[in-house]
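Step one of this worksheet: look at the structure below.
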Amino acid sequence: METAFEIDEQKLLHFLASTKVNDSCGGHNDFWEWHNETEELKTNLTKIGQISVQPGEKQWESQYWGQDAKIQFDRYPYYGCEIFQCTKCNTVFFYYLEIGGHGPQKRYRVVRKDLIDIETIKPSHPIVIDYKGLDYIMYKNPDLTYAISISKNVGIGIDIYHQLSKEEQELYLKEGIISLDSRMKDMDLNYSNYKVTSWR
């Protein structure tokens, strides 16, 4: 039975972070870029939702072809895409129906988290853009700043928060979470120097 729901940026990022993909289908490499539907793919997919994001002012100004093309939720065709998942390997796909200039084409693309353009996400409230269990949670704020938290047990459970500096933010956007390794180690060791809240 097909179940579907509206998916915003945070829900999709959370779903991707919590989904374990296996290699039983070989990675679906043909669909790392937009590719027309095949019967083999179609029979293994189930719909899980649809992107619910308002198109941006520059919705037509992005290059969405190619394996390394950035995924920008407020640009065509992503803001109207449906989301499917392979029942064999759990790979997640974008889907849209292309109808311009030719007969209708059903197109799919693997959702690769590393290609999501975090900079184009403009949240109305702090959203989680990346996490790894209790190891860390990365937030993006409405003012477009970033913050990270880690969890620690010191007799009671606590969360330790840090607002990224401009330099840390630039490194994170360029190199990913590995750029904050020394910061997270300092948060763990010297947590009293940071904003701390206890679990209830």
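Side chain of Gln50 to main chain of Gly80: a donor-acceptor pair is present (N/O by atom type, distance under 3.5 Å, no hydrogens or angles). Side-chain atoms of Glu82 do not come within 3.5 Å of backbone N or O of Tyr95 as any donor-acceptor pair. Not a single donor-acceptor pair under 3.5 Å links the side chain of Asn141 to the backbone N or O of Leu144. Side chain of Thr87 to main chain of Leu45: no donor-acceptor pair is present (N/O by atom type, distance under 3.5 Å, no hydrogens or angles).
Applying the salt bridge (charged side-chain N to carboxylate O under 4.0 Å, His left out) test to residues at least two apart or on different chains, the pairs with a partner in residues 146-159 are Lys152-Asp188.
By the criterion of side-chain heavy atoms lying less than 4.5 angstrom apart, applied directly or through intervening Ile, Leu, Val, Met, Phe, Trp or Tyr residues, Tyr79 is grouped together with Val111 in one hydrophobic cluster. Following chains of ILVMFWY side-chain contacts shorter than 4.5 Å, one cannot reach Ile48 starting from Val21, and the two form parts of different hydrophobic clusters. Tyr191 and Leu180 fall within the same hydrophobic cluster, where Ile, Leu, Val, Met, Phe, Trp and Tyr residues are linked whenever their side-chain heavy atoms come under 4.5 Å apart, directly or through other members.
Annotation: side chain of Met187 is in contact with side chain of Ile148 (closest heavy-atom distance under 4.5 Å). The closest side-chain heavy-atom distance from Lys113 to Asp130 is below 4.5 Å. Contact annotation: the side chain of Ile118 approaches that of Tyr146 to within less than 4.5 Å [non-hydrogen atoms, C-beta and beyond]. By the 4.5 Å heavy-atom criterion applied to side chains, Ile83 and Ile51 are counted as neighbours. At a threshold of 4.5 Å between non-hydrogen side-chain atoms, the residues Tyr108 and Phe94 do not count as touching. Contact check for Pro126 versus Pro142: side-chain heavy atoms found under the 4.5 Å cut-off. Side-chain contact between His28 and Cys89 is present, with at least one heavy-atom pair separated by less than 4.5 Å. A 4.5 Å side-chain heavy-atom check between Ile121 and Leu13 finds at least one atom pair inside the cut-off.
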Requested in this report: Check the pair Ile177, Met138 against side-chain contact (heavy atoms from CB on, under 4.5 Å), reporting the backbone distance first and the verdict last.
Outcome: CA-CA 9 Å; Ile177 196 66; Met138 180 64 71; 4.0 Å; yes

Requested in this report: Dump the intermediate steps for side-chain contact (heavy atoms from CB on, under 4.5 Å) on Gln10 and His125, then the final yes or no.
Outcome: CA-CA 11 Å; Gln10 178 168 345; His125 59 278; 4.1 Å; yes

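Atoms NZ and CG, from Lys70 and Leu115 in turn, are 6.5 Å apart once rounded to the nearest 0.5 Å. Here the straight-line distance linking atom CG of Asn90 with atom SG of Cys25 works out to 9.0 Å at 0.5 Å rounding. Between the CG atom in Asp8 and the OG atom in Ser52 there is a gap of 7.0 Å [rounded to 0.5 Å]. For the atom pair Thr120 OG1 and Ile71 CD1, the distance stands at 10.0 Å (nearest 0.5 Å). Here the SG atom belonging to Cys81 is positioned 10.0 Å from the CZ atom belonging to Arg109, to the nearest 0.5 angstrom. Remark: Lys88 NZ to Asp23 CG distance equals 13.0 Å, nearest 0.5 Å.
Proximity of the aromatic rings of Tyr64 and Tyr78 is defined here by a centroid distance below 6.0 angstrom, and this criterion is not met. Taking the six-membered ring for Trp, Phe84 and Phe93 have ring centres at least 6.0 Å apart.
Here the closest heavy-atom approach between residue Ser198 and residue Ile156 is recorded as CB-CD1, 3.8 Å. In terms of heavy-atom proximity, Gln85 sits nearest to Val92 at NE2-CG2, 4.1 Å. Nearest heavy-atom pair, Glu119 versus Lys140, reported as atom, atom and distance to 0.1 Å: O-NZ, 3.4 Å. Val196 and Ile160 get closest at one heavy-atom pair: CG2-CG1, 4.2 Å. Taking each heavy atom of Lys11 and Ile7 in turn, the nearest pair found is CB-CG2, 3.9 Å.
More than 12 heavy atoms of other residues, nucleotides or ligands sit less than 6.0 Å from atom CD of Glu175. Within a 6.0 Å radius of CG in Leu134, other residues, nucleotides and ligands contribute 12 heavy atoms or fewer. Around atom CD1 of Ile178, no more than 12 heavy atoms belonging to other residues, nucleotides or ligands sit under 6.0 Å away.
Counting side-chain heavy-atom gaps under 4.5 Å among Ile, Leu, Val, Met, Phe, Trp and Tyr, the cluster of Ile137 also holds Val128, Tyr131, Tyr139, Tyr161. Hydrophobic clustering, defined by side-chain heavy atoms of Ile, Leu, Val, Met, Phe, Trp and Tyr closer than 4.5 Å, leaves Leu189 isolated from every other such residue.
Scored by the salt bridge (charged side-chain N to carboxylate O under 4.0 Å, His left out) test, Asp143 finds no partners at all (sequence neighbours excluded). Considering only residues two or more places apart in sequence or on other chains, Asp117 meets the side-chain hydrogen bond (donor to acceptor under 3.5 Å, both in side chains) condition with Gln72. Take Asn153 and apply the side-chain hydrogen bond (donor to acceptor under 3.5 Å, both in side chains) test, not counting sequence neighbours, and it matches no residue.
The pair Lys122-Asp74 does not count as a salt bridge, with every side-chain nitrogen at least 4.0 angstrom from each carboxylate oxygen.
Geometrically, Arg112 engages Trp32 in a cation-pi contact, judged by NZ or CZ lying under 6.0 Å from the ring centre and within 45° of the ring axis.
At a cut-off of 3.5 Å, with distance as the only test, a side-chain donor of Gln163 or Thr145 sits close to an acceptor on the other residue. The closest side-chain donor-acceptor pair between Tyr172 and Glu170, if any, does not fall under 3.5 angstrom. There is a side-chain donor-acceptor pair under 3.5 Å between Arg183 and His162. A donor-acceptor contact closer than 3.5 angstrom links the side chains of Tyr194 and Asp186.
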